[in-house]
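This report concerns only the one structure given below.
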2 protein chains.
Amino acid sequence: MPSARRLDALLDQLRARGVRVTAARRAVLAELLDAGHDHIGIEELATRVRRRTPAIHLSTVYRTVEALRESGILRAARLGDQPVAYHLAGDTHHHAVCRSCGTTVEFPDADLDDLRRRLVDRHGFAADPEHLTVSGRCRRCVGRGVDGSGSAAGHHR
Amino acid sequence: MPSARRLDALLDQLRARGVRVTAARRAVLAELLDAGHDHIGIEELATRVRRRTPAIHLSTVYRTVEALRESGILRAARLGDQPVAYHLAGDTHHHAVCRSCGTTVEFPDADLDDLRRRLVDRHGFAADPEHLTVSGRCRRCVGRGVDGSGSAAGHHR
DNA sequence: GTCATTGCAAATGGTTTGCATTGTA
DNA sequence: TACAATGCAAACCATTTGCAATGAC
């Protein structure tokens, strides 16, 4: 589906929920579509949006992003300690972030099936496809024996 | 093991790493031991600490908590959007938080075994026992058909 | 005695909010 | 026209930091 078409579809989705379509929302959605699979932070998103659409205030981007999130159109992901980054909903996935080098690995939502089943069976808890971040160490850092801020054996001074 | 004894053990653990044992650290650890299984936020922790030990500054609590975290003695957990809460390391567990009513359900680290295996097998990624928060809806809210900030059908107005 | 730790006050940084104005439906 | 959305500046709040004084080893 061409990008312009997808944009219209998303805008219709908004209207259908009684959410008004404005320049800011159109622009933010357009940028998110452009970004494809990448995750964009608020500042970056604001910058990109302004390249095409004048003076859209950062606070507006915040409010826009929140509106889109409530409409289920985008997802917020907090990778490690970085500020929240956004991406269109759709292919739900999660991230594993290396605490030593910061590398991130993506994994599909299906990898949580087992956990989901356990949560439902035991607690009746229905897990959302909300973004999840797992911390740990990537292949390279494990191989190297590198250890992040965690537990380094006695090093005195 | 009596609480005082456990405190000493933890303090020794600190000394063994070359971390100095101070009033603030003793006090914070004592409170965390007292809190048992509960998670405590920074402000609350500072308040409790001050009940026994005078004028310990909030920034000191922050620094103390960070030092203890680096030593692997405590864990930080961010439940939903609340500020970070702390608890002693040990019985690693995770939380599922209901996005409608805020109820939290605890689940054991073992519930992540399957995910862990997948991450290792496919990416060589070694997941930490770091705290994880899963969002979703609890049994009651699922039953009631309540829906949090998520997707409420067209409401125009 | 040395150097980590603390108290304090000030800075930071991401995010939110009140209000008058603008623009969508 | 009515009311949601925006721009802007100010407020917020958790967390961090610089520095001189203090205290652990």
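Chain identifiers are assigned alphabetically (A, B, ...) following the order of the sequence lines, protein sequences preceding nucleic acid strands; residue numbering begins at 1 within each chain.
- Between A/T60 and D/dG7, a side-chain N or O to OP1/OP2 separation shorter than 4.0 Å is present.
- A/V97 is not listed as a side-chain neighbour of A/T103, based on a closest heavy-atom distance of 4.5 Å or more.
- Every salt bridge (Lys or Arg N to Asp or Glu O under 4.0 Å) that A/D111 has, sequence neighbours left out, goes to B/R118, B/R122.
- Each of B/D121, B/D109, B/D128 was evaluated against B/R116; a single residue qualifies, B/D109, per the salt bridge (charged side-chain N to carboxylate O under 4.0 Å, His left out) test.
- Among the atoms of the strands shown, none is found under 4.0 Å from any heavy atom of A/A23.
- A distance below 6.0 Å separates the ring centres of B/H95 and B/H131.
- In this structure, the CZ atom of B/R17 is 16 Å from the P atom of D/dC25, given to the nearest Å.
- If you check D/dA24, D/dA14, C/dC8 against the side chain of B/Y62, the one that comes closest is D/dA14.
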Polar atoms only, N or O, under 3.5 Å: list the protein pairs with nucleotides 19-22 of chain C and their distances.
none

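- With rounding to whole Å, A/Q82 atom CD is found 11 Å from C/dG14 atom P.
- A pairwise comparison of heavy atoms in B/P129 and B/H94 identifies O-CE1, 4.4 Å as the closest pair.
- Put simply, the side chain of B/R15 and the base of D/dC25 share no donor and acceptor less than 3.5 Å apart.
- A straight line from CZ of B/R26 to P of C/dA4 spans 19 Å, rounded to a whole angstrom.
- Remark: A/T22 is in phosphate contact with D/dT6, judged by side-chain N or O atoms under 4.0 Å from OP1 or OP2.
- Taking atom CG of residue B/L45 and atom P of nucleotide D/dT15, one finds them 12 Å apart after rounding to whole Å.
- The side chain of B/R20 sits closest to C/dA4 out of D/dA4, D/dA9, C/dA4.
- Contact between the side-chain N/O atoms of A/H57 and the OP1/OP2 oxygens of D/dT6 is not found at any separation under 4.0 Å.
- A distance-only check finds no donor-acceptor pair linking the side chain of A/R75 to the backbone of A/E130 [under 3.5 Å].
- In this structure, A/R25 and B/V84 both approach DNA chain D, and ranking their closest nucleotides by distance from the 5' end singles out A/R25.
- Looking at B/R137, its side chain never comes within 3.5 Å of a backbone N or O of B/S100 through a donor-acceptor pair.
- To the nearest angstrom, P of D/dT16 lies 11 Å from CD of B/E70.
- The residue B/A67 sits apart from the nucleic acid: no heavy atom pair falls under 4.0 Å.
- Atom CG of B/D12 and atom P of D/dC25 are 11 Å apart (whole Å).
- Rounded to a whole Å, the CZ atom of B/R50 is 10 Å from the P atom of C/dC8.
- Among the atoms of the strands shown, only primed sugar atoms or phosphate atoms (P, OP1, OP2) are found under 4.0 Å from some heavy atom of A/A55.
- A/H93 places a side-chain N or O within 3.5 Å of a backbone atom of A/D91 that can act as its donor or acceptor partner.
- Following rounding to the nearest Å, A/L58 (CG) and D/dA10 (C1') show an atom-to-atom distance of 14 Å.
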